[in-house]
Number of protein chains: 4
Amino acid sequence: MSTPVATPTHPPRQRRKEARPQELIDAALELFAEKGFAATRSEEVAARAGVAKGTLYLYYPSKEELLKAVISQRLSSEIAAVTEYARGYRGSCDSLLREVFTEWWSRVFDSPTSAVFKLVITEVRNFPDIAAFYRGAVVEPATALVGEIVERGIRSGEFRPIDVHGTVMSLVFPMIMLCLHKHSLGACAPATEMMDPHGFIRQHVDIVLHGLRADPSASARGVA
Amino acid sequence: MSTPVATPTHPPRQRRKEARPQELIDAALELFAEKGFAATRSEEVAARAGVAKGTLYLYYPSKEELLKAVISQRLSSEIAAVTEYARGYRGSCDSLLREVFTEWWSRVFDSPTSAVFKLVITEVRNFPDIAAFYRGAVVEPATALVGEIVERGIRSGEFRPIDVHGTVMSLVFPMIMLCLHKHSLGACAPATEMMDPHGFIRQHVDIVLHGLRADPSASARGVA
Amino acid sequence: MSTPVATPTHPPRQRRKEARPQELIDAALELFAEKGFAATRSEEVAARAGVAKGTLYLYYPSKEELLKAVISQRLSSEIAAVTEYARGYRGSCDSLLREVFTEWWSRVFDSPTSAVFKLVITEVRNFPDIAAFYRGAVVEPATALVGEIVERGIRSGEFRPIDVHGTVMSLVFPMIMLCLHKHSLGACAPATEMMDPHGFIRQHVDIVLHGLRADPSASARGVA
Amino acid sequence: MSTPVATPTHPPRQRRKEARPQELIDAALELFAEKGFAATRSEEVAARAGVAKGTLYLYYPSKEELLKAVISQRLSSEIAAVTEYARGYRGSCDSLLREVFTEWWSRVFDSPTSAVFKLVITEVRNFPDIAAFYRGAVVEPATALVGEIVERGIRSGEFRPIDVHGTVMSLVFPMIMLCLHKHSLGACAPATEMMDPHGFIRQHVDIVLHGLRADPSASARGVA
DNA sequence: AATGAATGAGGCTTCATTCAT
DNA sequence: TATGAATGAAGCCTCATTCAT
């Protein structure tokens, strides 16, 4: 029995102009990825960010603009970071690819960024702006980065000659799928949690790189 | 593949009511996959199926029941067909897996079924019923089918010892990703259409099976 | 004590597709003129027209379009009718003007049309479309009609030479003011109802026409 | 009419708080007359007065109180001034009326006061307080002032016997209409600006007074 | 006294669903 | 059985007002 108060107690107002945009984006990413953009009410986003309905609109002029901010904010920085990471690496393409994917995976899977993939898959068709942005800021740089390494490996004879773009997708697609899974079926209650995702990715990269290796006997024959 | 003239086109006036449910499901799958469940108006579904708004409700009691019908209808039959296809196959696990995936892929990618994956990814979290159904009717049988073949390959020494479940995912995930892509980014206008999907899948399965082989030189011998 | 009914009794639905638009326009005119466009809730309009909120939007796509329909619907027809009425009249300009204004006034003042003037005055600045329409469909034809009669009277020597456009306004403005008054101060409760409006207009036209007459002595001198 | 350089412009930093209420009222009158009370945001009023949103509420407890202040502030003083002006005038009623209306018109039309009429017309029905105030402080004194002059003219034989109240309206209504016009249609862009308003009013008063004269030939003699 | 971030009631509009025809 | 007019709950967004700074 708490002391009954007649006056409707307003939650204490906080002025936090600087922090709000990020808090709203974080809340929105969670909810949009969980329920979809259309099924998320803007009031829910505000509530999860700890503000009132109207406050959201002080920072983003509409729910749609919020969506665009959510998507553009997370991804570009990750790609840039990994590209930087790969620059100037010395060693075999095999080990560089292992490094790159391990790095990327560690940044993405356990972070909220993993949810962005679901959001993009789900919403591009409704918001063409997003398609253009995602292609230019994510798909192209990432494809270029990995594609160049694979290409180098083929030219050096480390990998057998094979379609480069397809190889990139063979490497990357399962990682994205795992992100999607995490935010869809994987988030549904009574799941026998599918193996350790980090272990899976390590094994997946290993299998693919194994499958890329130039056939030693063939190359032996070719060299001989 | 198309039967040019023979299809018995029923005159539109006497389209019999037995065809309606399937027409509604087809229309709904297209639209739900394109725009998402929440963003699709039930009137649009009716319109695409060629009936009036009210008619939809004579066949499905609510938009949500329609969604469940859409998802449950397409997938179970495919899995059953492929399982049947694999039963009693004689030959190497490598070639069986190539057969199975080729068969499955040819059934799924170019058919409306490819859209179901996007729908499931998008909507499971909002409709827990769907998660249960999808796990039981799709994930488990499919995983079991492929997993058993891989396991057999390992036991027979054809494949190197490796985590089975992970291997299944390495094989399957890119195929699902390609279905998702087809209905999201891939459907957005100015796309350099990513390679031929059938070619990609053939190469992907090849790379992975290559990476699974117990002894490269042995396989080289086998191939040679 | 009426029989209590548990089920929420829905008012009987009526299908009246043909009659709705006019009913909605009539309701909207009353309310917009009474409270102003911005202060009228679209639900009130619907309620006064005897339909539910959503029904309004089956006939007009937005509150603003409803406003435009309200304004354009009433006025054009009145002007046309009066112009028709004046065509082919034979007699003095003085008596023609009396006829025209009596006719116009009898059509407008006691009908809902009187409210349109308030609406136009109030809302033109917010909706430039309305200004263009009103000028073209009302101001210009009406000014032309009356102006031509006055001009004829001047040329024939029946009226003294005087600015024509100003004269038209001297005649018309009090009539419009009376319409405005009827829907503003005049509608506020404890009013000593200002004289009979019809009597006032008759006297006003009489005074102005009196004031327009060519000075008999002057013209006598001029003629002599 | 403008005093070019002499106006003591206060440095904006030390604009003293005594000026604020008038600045707010001026800003509010402009905006309320332009867009209507309901369609004007209180933040706009504050901005036009050069203060922040919150500051408005330090001077007026609500938007509605601000409206009442706007209306009551402007008009009473004008009436008083003109009444004073008319008191003790010696000469014909005809010339007194010309004087009075010229004086009143020169005070009102080119000043912000002209906007008050639109505001009253628009908002009385929503705010009954305003009706009472306006009747008592404006309509009655003004009617009384003009009515008495007309009455005197009739009793003295200068004007023909005619309904006094109606005559007052015949004189005054076009002036108010012109004020309304200035703030509605007249403010909409591509207007062939209707004649000079001052010229129009002079002619209008002339026509009406002409129409009031007891005997045209007598007046002809007077003029001649 | 002044500011402007924050609040939340309230209005416009959409759309799943119902039901008279 | 099929239709589509009608309904009203619910979501997006605005803005008068409050209050921490």
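Just so we're on the same page: letters track the sequence lines, and every chain starts at 1.
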Report task. Say whether, by atom type as modelled, one donor and one acceptor occur between the side chain of D:E65 and the main chain of D:S62 under 3.5 angstrom. Result -> no
Query raised in the report: Is the closest side-chain heavy-atom distance between B:L24 and B:V51 below 4.5 Å?
Result: yes
Report summary line: Judged by nearest nucleotide, the residue sitting upstream toward the 5' end of DNA chain E, A:Q14 or B:A39, is A:Q14
Query raised in the report: Does the side chain of A:L119 reach to within under 4.5 Å of the side chain of A:L67, using non-hydrogen atoms?
Result: yes
Query - Reported CG-to-OG1 distance for the pair C:L29 and C:T40, which is rounded to 0.5 angstrom - result: 10.5 Å
Query raised in the report: For DNA chain E, what dot-bracket results from Watson-Crick or G-U pairs at under 3.5 Å, with [ ] for crossers and | for inter-strand partners?
Result: .||||||||||||||||||||
**Report entry** Single hit among D:R74, D:R48, D:R20 for salt bridge (charged side-chain N to carboxylate O under 4.0 Å, His left out) with D:D26
**Finding:** D:R74
Requested in this report: Pull out every residue in residues 18-35 of chain A that has a heavy atom closer than 4.0 Å to any atom of DNA chain F, ordered by number, or say none.
Outcome: none
Query raised in the report: Between C:R15 (CZ) and E:dC19 (C1'), how many Å, whole number?
Result: 8 Å
Query raised in the report: Mapping C:A38 and B:A38 to their closest nucleotides on DNA chain E, which lands nearer the 5' end?
Result: C:A38
Requested in this report: Please examine the side chains of C:K118 and D:R125, heavy atoms only from C-beta on, and report whether any two atoms are closer than 4.5 Å.
Outcome: yes
Query raised in the report: Going by number, which of residues 45-71 of chain C have a non-hydrogen atom under 4.0 Å from DNA chain F?
Result: C:V51, C:A52, C:K53, C:G54, C:T55, C:L58, C:Y59
Query raised in the report: In whole angstroms, how far is the C1' atom of F:dG11 from the CZ atom of A:F37?
Result: 12 Å
Requested in this report: Name the nucleic acid region contacted by D:R41, choosing base, sugar-phosphate or nothing; use a 4.0 angstrom heavy-atom cut-off, strictly under.
Outcome: sugar-phosphate
Requested in this report: Taking all heavy atoms of A:Y60 and all of A:A69, pick out the closest pair and write down the distance.
Outcome: CE2-CB, 3.6 Å
Query raised in the report: So do the side chains of B:F32 and B:L66 get within less than 4.5 Å of each other, counting heavy atoms only?
Result: yes
**Report entry** For A:K68 against A:I130, the heavy-atom pair lying closest together
**Finding:** CG-CG1, 4.3 Å
Report summary line: Rounded to the nearest 0.5 angstrom, the CZ-OG1 distance for A:R13 and A:T55 is 8.5 Å
Query raised in the report: What's the CD-C1' distance between A:E43 and F:dC13, to the nearest Å?
Result: 12 Å
Query raised in the report: Is the cationic atom of B:K63 (NZ for Lys, CZ for Arg) positioned less than 6.0 Å from the six-membered ring centroid of B:F37 and within 45 degrees of its normal?
Result: yes
